[in-house]
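See structure below.
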Amino acid sequence: MPLAPAHPAPTQIAPVKRANEVKPWFVALRLHHWLKNLVVFLPLLLSHQFHTVQVVAAFQTFAAFSFCASAFYVFNDLLDVEADRLHVQKRARPFAADELGLRQGIVLISIGLAAAFLITSTIPLPAQLYLLLYAAVSGSYSLWLKQLAFLDVVLLAALYAFRLLAGGAAETIPISPWTLAFCTFLFLGLALIKRLKELVLARAQNRVHLARRGYTPSDIPSVRAFATVSLYLSASVFAFYINSGAVSKLYRHPQILWVVCVLFLYWVQRVVRLANLGQMTDDPVVFAFADRASQIVVLLVAASVVLAL
């Protein structure tokens, strides 16, 4: 009879999947939504000013808004965790899927806000105030105001406007009335597109309302109409700008900017149609960065602007 070994072979332990433990933390921060904060660079681009100090200030502002936004995304997900578990897409979010809990959420919020306001302390006071406004509106929106139909989209547009104004303040570049008017209608239209795609998805799933929202699928026609009108108003503002005296100060061949206007109208009609068909699965800004047709439009717009200079 064979003798048993003096020391039994050690039991094999499965390796710990560290990547799966870390990934939910980054997913909860929604880093891909930092693309929205590129709005802070818009004053630089539109004024054609790229001095080192201004560029550094723009990057600081971008970082501050990005960390702040991530903190409030986590805050919003903690409040919406039960509603997200009933949503076909949002149920995969880390808190809804029980990959992260309340304690981890508090840690992420604390780190995000601390980083945001630490970075903000290096930029001018007006930009700091816009970040405070952004934080106050974001918190109020998540707690209650998101449940008020149509006021919620106005607030979402305001959050974009705060980014724009903070960028101008940090870079010491005044925001022209043309830019403010164009962006106001554009941001409002994008916020309405976001609601439209959510309502279309809710209708496809036979849901009678959006969780923690003041909308029902019966609001689809009005939301679609308001989104289209708002986006076309932004195009109208741009068209009037091309014919204004202000454009000649920045462009030698402003007539080429009509190409930009036409491309923008095409893009507007495309996003409205895709949202209405339920084919837009993400925030419209994030979607635009991943959409091939939108990428081509951006390249053509950039080429047209260069030719107009």
Side-chain angles (χ1 to χ4, degrees), residues 31-72 112-138 155-191 234 237-238 240-242 244-252 254 257 260 264 285-286 288-289 298-299 301-309:
L31 301 182
H32 60 292
H33 281 268
W34 285 19
L35 293 169
K36 300 176 184 178
N37 299 313
L38 292 173
V39 171
V40 303
F41 292 95
L42 200 56
L44 283 177
L45 295 174
L46 295 179
S47 65
H48 306 168
Q49 298 181 40
F50 301 100
H51 302 297
T52 302
V53 174
Q54 292 173 311
V55 173
V56 170
F59 275 103
Q60 290 172 323
T61 308
F62 171 82
F65 270 88
S66 296
F67 281 111
C68 187
S70 286
F72 280 102
L113 291 179
F117 288 103
L118 180 63
I119 296 169
T120 309
S121 64
T122 64
I123 59 181
L125 179 60
Q128 297 179 33
L129 295 178
Y130 283 123
L131 182 65
L132 285 173
L133 275 173
Y134 177 90
V137 172
S138 293
L155 294 176
L156 287 177
L159 294 178
Y160 277 107
F162 292 151
R163 295 173 170 105
L164 174 69
L165 294 169
E171 299 149 16
T172 62
I173 297 174
I175 305 298
S176 74
W178 291 109
T179 300
L180 195 56
F182 172 80
C183 289
T184 297
F185 290 122
L186 174 62
F187 298 156
L188 180 59
L190 292 177
S234 64
V237 170
F238 187 73
F240 283 120
Y241 168 72
I242 296 173
S244 71
V247 73
S248 60
K249 298 177 182 178
L250 294 172
Y251 299 93
R252 289 182 295 176
L257 295 178
V260 176
F264 180 71
V285 176
V286 177
F289 277 89
V298 169
L299 290 175
V301 165
S304 301
V305 169
V306 170
L307 291 174
L309 290 175

Revision key, fill the gap. On a heavy-atom basis, the closest approach of H48 and L250 is CE1-O, 3.5 Å
Exercise for review: Measure the CH2-OG distance between W34 and S70 for me, rounded to the nearest 0.5 Å.
Suggested key: 5.0 Å
Practice item. Mind listing the closest non-hydrogen atom pair of E171 and V40 along with its distance? Key: OE2-O, 2.6 Å
**Study point:** Proximity of F162 and Y134 rings by center, below 6.0 Å
**Key:** no
Result block: side-chain N/O donor-acceptor pairs under 3.5 angstrom for residues 118-133, not counting sequence neighbours:
from : atom 1 : to   : atom 2 : distance (Å)
T120 : OG1    : A116 : O      : 2.5
S121 : OG     : L118 : O      : 2.5
T122 : OG1    : Q60  : NE2    : 3.3
T122 : OG1    : I119 : O      : 2.6
Q128 : NE2    : T120 : O      : 3.4
Q128 : NE2    : I123 : O      : 2.8

Point to revise | Shortest non-hydrogen contact between G167 and T61, atoms and distance | key: N-CG2, 4.3 Å
Study note, to complete from the structure: Looking only at heavy atoms, the pair that brings L155 and V137 closest together is CD2-CG1, 4.2 Å
Check your understanding: So which heavy atom on F238 is nearest to which on L257, and how close?
Key -> CE2-O, 3.5 Å
Review point. Does a sphere of radius 6.0 Å around CZ in F50 hold more than 12 heavy atoms from other residues, nucleotides or ligands, not counting ones at 6.0 Å or beyond?
Key: yes
**Study point:** By side-chain hydrogen bond (donor to acceptor under 3.5 Å, both in side chains) - contacts of H33 (at least two apart)
**Key:** K36
Practice item. Can you measure from CZ (F62) to CG (L38) and round to the nearest 0.5 angstrom? Key: 5.0 Å
**Study point:** Residues F187, V39; criterion side-chain contact (heavy atoms from CB on, under 4.5 Å); working and verdict
**Key:** CA-CA 11 Å; F187 298 156; V39 171; 4.1 Å; yes
**Study point:** Check: S244 side chain, Y241 main-chain N or O, donor-acceptor pair, under 3.5 Å
**Key:** yes
Review point. What distance do F72 atom CZ and L159 atom CG have between them, rounded to the nearest 0.5 Å?
Key: 10.0 Å
Using residues 172-185 as the side-chain source, report each donor-acceptor pair under 3.5 Å to any protein atom, sequence neighbours left out, with the distance given to one decimal.
from : atom 1 : to   : atom 2 : distance (Å)
S176 : OG     : T179 : N      : 3.1
S176 : OG     : T179 : OG1    : 3.0
T184 : OG1    : L180 : O      : 2.6

Check your understanding: Rounded to the nearest 0.5 Å, what separation is found between the OH atom of Y251 and the CG atom of L309?
Key -> 6.0 Å
Study note, to complete from the structure: So CZ of F41 and CZ of R163: to nearest 0.5 Å the spacing works out to 13.0 Å
Revision key, fill the gap. When rounded to the nearest 0.5 Å, the distance separating CD1 of I242 from OG of S248 is 13.0 Å
